[in-house]
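Within every chain, numbering begins at 1; the chains are lettered A, B, ... in the order of the sequence lines, protein sequences first and strands thereafter.
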Amino acid sequence: MKVKNTSVTRKLILPLLLGASVAVILIVSACQRQSQTVSLAELSPIVAEGSRAYELFQNHCAACHGRQGRGDGSAAIALNTVPRDFWNEPFRYISTMDGVPTKEDLAFTIGSGRVHGEMPSGPWLSDEDISALSDFVLELNRLGWAERLREEFASEGMDESEIQEISQERVTSEEPITVPMPGPVFLPDMQRGRDLYLASCGSCHGSNGRGDGLDMPLDDLGRPISVRDLVSEPIQGGSDPVELFKRLRCGMPGTPMPSQSLLSDDDIWQLVYYTRFLMGQPLPTAGR
Amino acid sequence: MNRQKIQIILVFVALLGLAASTAFAQSAKKKGYQAQIVKNGGTIVGVVHYDGPTPTPQRVDVKTKEDICHADPIYSEELVVSDDKEVQWAVVSIKGIRLGKPFAKPSEDKDKPTIDQIGCRFEPHIAVVGLGQPLKVLNSDGILHNVHTYSKKNRPKNIAMPGVIKETKLKFRRPEHIKVKCDIHPWMVAYIVVAEHPYYEVTDEKGAFELNDVPPGTYTLSLWHETLGQVTQQVTVKPGEEARVEFTLSAK
C-alpha cells in the first residue's frame with residue numbers, strides 16, 4: 001500500500017512540475033504583455049477598444065500585426081517578413097512626395113494585400129471596412145509619432161499642443177502624384193534604360209539587378225533588410241508600370257530606397273521599363 | 001431700418017475685431033525670433049575642451065569599388081578631438097534668444113548654406129541653415145548618393161542624387177538637429193542644424209567658436225555634440241565687450 005502510494009506520487013510529480021512551469025510561463029508572459037499594453041481609448045477615439053475599426057483590426061490584422069498594431073502578433077514568429085509596426089515605422093507603399101500614404105494608398109494595400117508577400121488580400125472586406133482600417137493604422141502611426149516626440153522633446157519644452165500638431169502633420173499627406181502616362185511615341189530604349197539604371201539603381205540592386213549591390217543594408221530601425229533581387233524575386237507592390245513609377249518617384253519610406261524626385265518623367269518611365277525588362281515582363285512595342 | 005443696418009455693421013465690426021485679435025494672439029504665441037539691427041552688441045568667444053584620453057582618428061573601412069570613394073582616406077567625424085584636447089563639431093547656440101541680428105544674407109553663392117557629397121563624405125560634417133532658408137545640397141562626386149534625413153520635427157526625406165544631378169535644395173520648417181545618412185555609403189553621416197536664429201556656431205578644429213553682435217544681456221549658452229551630449233552655461237554679454245566661455249565635455 002505504502003509502496004503503491006509512492007509510485008503514484010512519483011508518477012504525478014513530473015506532469016505536475018511541467019504543468020506548474022507552463023502555468024508560471026503563461027502568467028509571466030501575460031504580465032509582460034499586459035505591461036506593454038496601453039489603453040488606446042485614452043489616447044484616441046479613432047483606435048478605441050470596442051470601436052468598429054478596433055474590432056475589424058482584431059479580426060483581420062492582429063494575428064500578425066499584434067493587438068495594438070505593434071508588429072508583435074502571435075503569428076509573427078512564423079513569418080519570413082516582419083509585420084509592420086504601425087507605431088514606429090513609416091508606411092512603405094505611397095503615392096506622394098512627402099513620405100506619407102494617402103488613404104487610397106492604405107486602402108489599396110489592405111484590399112489587395114502584398115501581391116507576393118505574406119500579407120493576404122482582403123476581398124471579404126467592404127469598402128467601409130477598408131476605410132475604417134486605413135484610418136485605424138494611420139492613427140496608430142500618428143500616436144507613435146506623438147510618443148516619440150514626447151519622449152525626445154517634452155523635456156526641452158515641447159508642449160502637448162505642439163506634439164499633437166506635429167504628429168498630425170507627420171501623417172497628413174499632400175496630393176498624390178499624377179503618374180503622367182508616357183506619350184504615344186514613347187518607346188523603351190534599353191540602352192538609355194540601362195545607363196539610367198546603373199546611375200540610379202545599380203548601387204543597391206546590383207549592376208545586373210540581382211539585389212547584390214549593398215554590403216549590409218539596414219532599414220530605418222537599424223534592422224537588416226534585403227535589397228530586392230529584381231530578376232528572380234517578385235516585386236511586393238506588383239510589377240504594374242504605374243505602381244513601379246510610384247515606387248521610383250516616391251521611394252519607400254523606412255527603407256534605403258530613396259525617392260527619385262530629381263529625374264524627369266521620361267527617365268522614370270525608362271527605368272520602369274528597364275526594371276520590367278530585368279523582371280522578364282512584357283514591354284510596350286511600336287504601334288501600340 | 002437704419003438702426004438695424006447699424007446693428008448689423010456693429011456686429012460685423014465686433015466679429016472682425018475678435019477674429020483679428022485671435023489671429024494676433026496666435027501669431028504672437030507662434031512668433032519665435034525677431035530680427036533687428038543690433039547696436040552696441042557684444043561677442044561671445046569660447047573653446048570646447050575634452051576631458052578624457054585623446055581618441056585616435058578612426059579610419060573608415062570603405063566597402064565599395066567606386067574609385068572616388070578611395071581617392072582620399074576617410075575618417076569618422078563622430079568625435080574629432082585635437083592634440084590639445086579641443087572638440088571639433090560641437091554646436092553652440094544661445095538658448096531661446098528672442099531679439100537679435102538678422103540672418104546673414106550671403107551674396108556669393110559659395111557662402112550660402114551648403115552641404116556637399118564629395119569624396120564619399122558629407123562636407124561639412126555639420127551644416128547650419130536658418131529656419132525657412134534653403135540648404136544647397138550638392139553632389140560633386142558624380143556617383144549615386146542618397147540624402148536620407150532622420151528628422152522628427154521636420155518631415156523625414158530620402159532623396160536619390162544620381163551622379164548627373166549636381167544640386168538640389170532642402171527647406172525645413174522647424175528648428176532641429178537632423179541626422180543625415182547615405183544608405184549606399186553607410187559611413188557617410190552628417191548633421192543639418194536648422195537654426196531658429198543666427199546665434200549658432202560650430203566649433204572648429206581648435207574647438208573654438210565666436211558669436212558676434214549679441215545684444216547685451218544674460219543668456220544661457222547651449223552646447224550640443226552628437227555623441228558627447230548637451231550642456232548649458234550662463235553668460236553675460238556687455239556692450240562692445242568680449243565674454244569668454246570655456247566648456248568641457250567628458251568622454252563617454
Side-chain angles (χ1 to χ4, degrees), chain A residues 90 96-100 145 148-153 155-159 161-163 165-167 169-170 172-174 195-204 207 213-220 222 225 227 248-264 267 271, chain B residues 26 29-30 32 61-66 68-69 95-96 120 137-139 141-170 173-188 196 220 222 224 230 232:
Chain A
T96 66
M97 295 311 289
D98 50 28
V100 183
W145 271 108
R148 291 192 296 281
L149 289 165
R150 209 172 284 127
E151 211 168 90
E152 194 168 334
F153 301 113
S155 59
E156 292 175 21
M158 186 186 277
D159 61 14
S161 69
E162 202 177 354
I163 289 170
E165 183 190 323
I166 298 177
S167 62
E169 199 181 292
R170 285 294 83 76
T172 306
S173 64
E174 289 166 12
D195 290 347
L196 280 162
Y197 174 85
L198 289 176
S200 317
C201 318
S203 307
C204 299
S207 51
L214 284 184
D215 189 36
M216 277 265 292
L218 302 173
D219 72 6
D220 279 12
I225 188 173
V227 179
L248 284 159
R249 183 60 99 199
C250 308
M252 299 183 76
T255 80
M257 172 93 178
S259 69
Q260 296 287 355
S261 53
L262 305 172
L263 294 180
S264 70
D267 284 350
L271 280 173
Chain B
Q26 263 187 355
K29 191 190 151 213
K30 286 269 167 198
D61 179 16
V62 175
K63 285 183 179 164
T64 176
K65 292 193 183 84
E66 291 153 308
I68 190 96
C69 301
K95 204 171 174 178
C120 295
V137 181
L138 308 181
N139 179 3
D141 274 347
I143 60 167
L144 175 69
H145 287 299
N146 70 317
V147 182
H148 193 156
T149 67
Y150 290 76
S151 49
K152 294 196 176 85
K153 293 187 197 173
N154 294 281
R155 192 160 264 160
K157 288 190 176 294
N158 183 2
I159 299 164
M161 285 194 78
V164 288
I165 307 288
K166 296 293 172 207
E167 182 175 338
T168 186
K169 283 191 171 69
L170 286 176
R173 287 187 55 187
R174 294 191 173 85
E176 188 177 4
H177 294 174
I178 301 170
K179 189 172 187 172
V180 187
K181 283 173 72 177
C182 172
D183 293 282
I184 303 155
H185 310 103
W187 61 86
M188 289 176 68
E196 57 184 325
T220 303
S222 173
W224 175 88
Q230 192 154 14
T232 57

Item to complete: Supply the atom-to-atom distance B:N146 CG to A:M257 CE, rounded to the nearest 0.5 angstrom.
Response: 10.5 Å

Practice prompt. Below 4.5 Å from any heavy atom of chain B, which atoms of A:E169 appear? Answer side chain, backbone, both or neither.
Written response: both

Discussion item. Are the side chains of B:K157 and A:P258 in contact, using a 4.5 Å heavy-atom criterion?
Written reply: no

Practice prompt. Determine whether B:I184 and A:P256 make a side-chain contact, defined as any pair of heavy atoms from C-beta on separated by less than 4.5 Å.
Written response: no

Practice prompt. Rounded to the nearest 0.5 Å, what's the gap from CD1 on B:I165 to OG on A:S200? Could you check?
Written response: 8.0 Å

Practice prompt. Side chain from CB out, backbone as N, CA, C, O: work out which of these in A:S167 comes under 4.5 Å of a heavy atom of chain B, or both, or neither.
Written response: neither

Worksheet item: If you tally heavy-atom pairs under 4.5 Å against chain A, which of B:K63, B:M161, B:K153, B:H148 wins?
Response: B:K153

Fill in: Minimum heavy-atom distance between A:W145 and B:P156, given as atom pair plus value
CH2-CG, 3.9 Å

Worksheet, complete the sentence: If one checks every heavy atom of A:D98 against chain B at 4.5 Å, the contacting part turns out to be both

Worksheet item: If you round to the nearest 0.5 Å, how far is CE of A:M97 from CD1 of B:I159?
Response: 8.0 Å

Worksheet item: Who wins among B:K181, B:E66, B:R173 for the most heavy-atom pairs under 4.5 Å with chain A?
Response: B:R173

Worksheet item: Once you round to the nearest 0.5 Å, how far does OG of A:S261 lie from CG of B:N158?
Response: 9.5 Å

Worksheet entry | Value rounded to 0.5 Å, distance of NZ in B:K152 from CD in A:E151 | 8.5 Å

Worksheet item: Which residue out of A:L196, A:L263, A:D220 racks up the most heavy-atom pairs below 4.5 Å with chain B?
Response: A:D220

Worksheet item: Yes or no on salt bridge (charged side-chain N to carboxylate O under 4.0 Å, His left out) for B:R155 and A:E174, after CA distance, side-chain angles and deciding distance?
Response: CA-CA 12 Å; B:R155 192 160 264 160; A:E174 289 166 12; 3.6 Å; yes

Item to complete: Would you give the length of the straight line joining atom CD of A:E156 to atom OG of B:S222, rounded to the nearest 0.5 angstrom?
Response: 8.5 Å

Worksheet item: Does any heavy atom of chain B fall under 4.5 Å from the side chain of A:L262, the backbone, both, or neither of them?
Response: both

Worksheet item: So which part of A:M158 gets closer than 4.5 Å to some heavy atom of chain B, the side chain, the backbone, both or neither?
Response: side chain

